[in-house]
Amino acid sequence: MKFMKLGSKPDAFQTDGDKIRYVATELATDIAVNVGDVKFYLHKFPLLSKSARLQKLVALSKEENSDEIHILDIPGGAAAFEICAKFCYGMIVTLNAYNVIAARCAAEYLEMYETIEKGNLIYKIEVFLNSSIFRSWKDSIIVLQTTKSLLPWSEELKVVSHCLDSIATKCCIDTSKVEWSYTYNRKKLPSENGDDSHWNGVRTQKVVPKDWWVEDLCELQVDLYKRVISTIKTRGRISGDVLGEALKAYASRRLPGFSKGMVQGGDIAKNRLLVDTIVQLLPSGKGEVSCNFFLKLLKAVILLDCGEMGRIELMKRIGQQLDEATVADLLVRAPAGETTIYDVDMVQSLVEEFVTQVQDVHTDLHMENEYHEIRSPKFVSDASKLMVAKLVDGYLAEVARDPNLPISKFIHLAESVSSFSRPSHDGLYRAIDMYLKEHPGISKSERKKICRLMDCRKLSPDACLHAVQNERLPLRVVVQVLFFEQMRASAASAGDSTPDLPSSIRALLPGGGSHGSSRSTTTNAEDDWDAIPTIDEIRALKGELAALKLGNGDVTKSNAEKVSGNKMKGMLISKKIFSKLWSNKDRNGEISSSETSESPGSSNAEETKSSTPSRSQRHSIS
C-alpha cells in the first residue's frame, strides 16, 4: 500500500476522554473547535494561516464574543479534521488509501487552497493521488470503497470518476503488462500456471489470466461494482465471457448459497438489489454467459421475488442456450402454494423459448431464400435440438416421480420437442414408464395418450426387451414393440423388406403403416388393445420374443420367400391376442390407420402360449 508522510514535528495531539482533543504545548490554546460531539482545543494562528473557512468562522465568533466555533457537516468528521489540523501545525501526518479521500474532502471543506498558502494540503493530496494511489491497483479499489461515506463531496471532487477510470484502465490493459499483485484463487488453465512445455522442453513463462481482476472487484459494494463494470463495458476491450465470469464470481461471493442454486439468509432487499443489478450487467452476446449461471440467477430471481422484467430477460437468454443445461439445472422448486414439487411451467416456458428460436431461424432462412438476400441468421443445429430433446426426456423422468404432477403437463412438455428428430426414444420411454409407475390410478385413455408420445421403432433392443416385460403398458403398445423387434431381427438376418400386412394388423402399428406421426390421434379405439396385459399374456409374449431372436439366427437370402411368409406368422404373435382384433373389427369396422401412432415408454411384453407353434415353425424354416 502506498503512503505519504507530511510534516516534520512530532505529534503533540493528546486525548482527554473520548470527546476532548488538545495540543500539548507551553502556549495556551485560544480557540475551541467543536466538530460534531468532539471538542478540539487549538491555537488560532496555525489554523488560520492555511484555512480560509476557519478564518471566516473565527471572525464570526469574535462578533459574538465567543472563543468557540462549531463545525457540524465536515466530511470525514473529527478524524478528517484532526488530519487537517495536524497539517496546519506541521506535525507528522501519514496519508494512505484508507484516509486520503476523507482528508481531501475535509481540506476542500476547510478551503485549504494554494491561494491561502503555497503547498497547502489540497495540492499535496492531489499529487499523492495522481502519482501513487491511482497508479496502484489495490489502492484504487480501497479508495473507491472509502468514497461512498463521503458523498456528495467525493463525487463533486471527481474522486469517484478518477477511481473508476483507474480501475477500468487496468482491467482493460494487455495482460502482458500486468506487473502488480492481484488476488486469484480460482482454478487456472495449465498455460496460465506455466505448466505447458514447448517442444524443446523449456517451460513457458507464467501467463496472467484474462480475468485476473475479477476477484479483487468482488470487495466492492453493489452500487460501486455496477459503476465499475459499466465503465469497463464502455471501453469495449473486455470480452463478454470474461465479464460473465466476473458477474458469476461476484454473485457467488455476495449471495450466500448462490453456488448451490439457492439464497440463504442475508438482507432480502439487498440481495434483491444485487440480483437485479447482475441481471442488468449481463453481456448481451449468446454464449458469453453459461446457461448454468443463467439458471442459478433465475432461481435467485424467483426466490427473492425480483422484478418481472429481469425474470423475462433471463427466461429468454436461457431459452437461447437451453442445449447447454443439465437436468439438475432445471430442477427448480415450485412457488409456494403450488401442489407440484418442481416448477414444470417454468421449464415449459424455457422449452417454448428455444422452440421459438428454432422457428425464427427457419423463418429467416425462408426469407433469405425468397428474396435472395445474403444473411447470416443464428443457426440452431440439429445437435442442439437433439440435446434439448434429451434434456426434456431426462427432466420428465425426474418430475414423473411427483405424485401430484398432472398428466397434461407431462404430455404438453413432451410434445414441445416432438418435432426434434432423435435416433432413440429410450429416454422418453424411461420417463413414461416412471410416470406410469408413480401414477397407477390414471385412466385407460390417459395411459393411451402418454404412450402415444413415443415411437416404438426408435426403441433400442434393450428397451424393447424391457417393454415387452412391462406390466404397466397397454397391450397395443406391447404388440407394437414385439412387431418392430421381429422386423428388426428379420431385416438384420435376411436383409429383406417388411412384408405386406393385412390392414387390420397394420392398424396396430404407428401411423397405421404409413409412417405418420407417432402421436397422431386414433379413431375407433379398442378397449381390449388399450387394456393392461394379463400375467399369462406377458409370459406368452416374452416367450415369443425369445423364439423370435432364435428363429431368425440363420436366415439366408435364398430363403427370402419362406422367411417373408414366416414373418407374417410371427407377427400374429398369439391367437389369443389377435382374436381380440378380429372380434372388435367385426363390431367396429376396420381400424383407422392413424389409430396406433403410439410409442412405448415403459412397456410390458405380452404374448400368449398359443404362439408356440408359429415360433417352432419359424425356427425350423430358418
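Both backbone and side-chain heavy atoms feed into the values below; hydrogens, waters and symmetry mates do not. Numbers here simply count residues along the sequence, with the first being 1.
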4.5 Å side-chain heavy-atom contact, H162 and D165 | no

Residue pair L428 / R422, side-chain heavy-atom distance below 4.5 Å = yes

Considering residues, nucleotides and ligands other than [X], do more than 12 of their heavy atoms fall under 6.0 Å from its [atom1]?
X: Y123; atom1: OH; value: no
X: D18; atom1: CG; value: no
X: R235; atom1: CZ; value: yes
X: K390; atom1: NZ; value: no
X: F3; atom1: CZ; value: no

Residue pair E398 / Y342, side-chain donor-acceptor N/O under 3.5 Å | no

How are the rings of Y225 and Y250 set relative to one another: parallel (under 30°), tilted (30 to 60°) or perpendicular (over 60°)?
-> parallel

Are any side-chain N or O atoms of T234 and backbone N or O atoms of T231, one a donor and one an acceptor, separated by less than 3.5 Å?
-> yes

For the residue pair W213 and W180, is the inter-centroid distance of their aromatic rings smaller than 6.0 Å?
-> no

May I have the list of side-chain donor-acceptor pairs in residues 330-338 shorter than 3.5 Å, sequence neighbours left out?
none

Not counting sequence neighbours, which residues clear side chain to side chain contact (heavy atoms under 4.5 Å, CB included) with P403? List them please.
-> none

Kindly give the heavy-atom pair with the smallest separation between C291 and E324, and that separation in Å.
-> N-OE1, 3.4 Å

Between A97 and V143, what is the shortest heavy-atom contact and its length?
-> O-CG2, 3.5 Å

Sequence neighbours left out, cut at 3.5 Å: what donor-acceptor pairs do the side chains of residues 305-319 make with other protein atoms?
residue: R317; atom: NH1; partner: P283; partner atom: O; Å: 3.1
residue: R317; atom: NH2; partner: P283; partner atom: O; Å: 2.6

What do the steps show when you test D139 against K2 for salt bridge (Lys or Arg N to Asp or Glu O under 4.0 Å), and what is the final call?
-> CA-CA 7 Å; D139 284 349; K2 305 291 184 181; over 6 Å; no

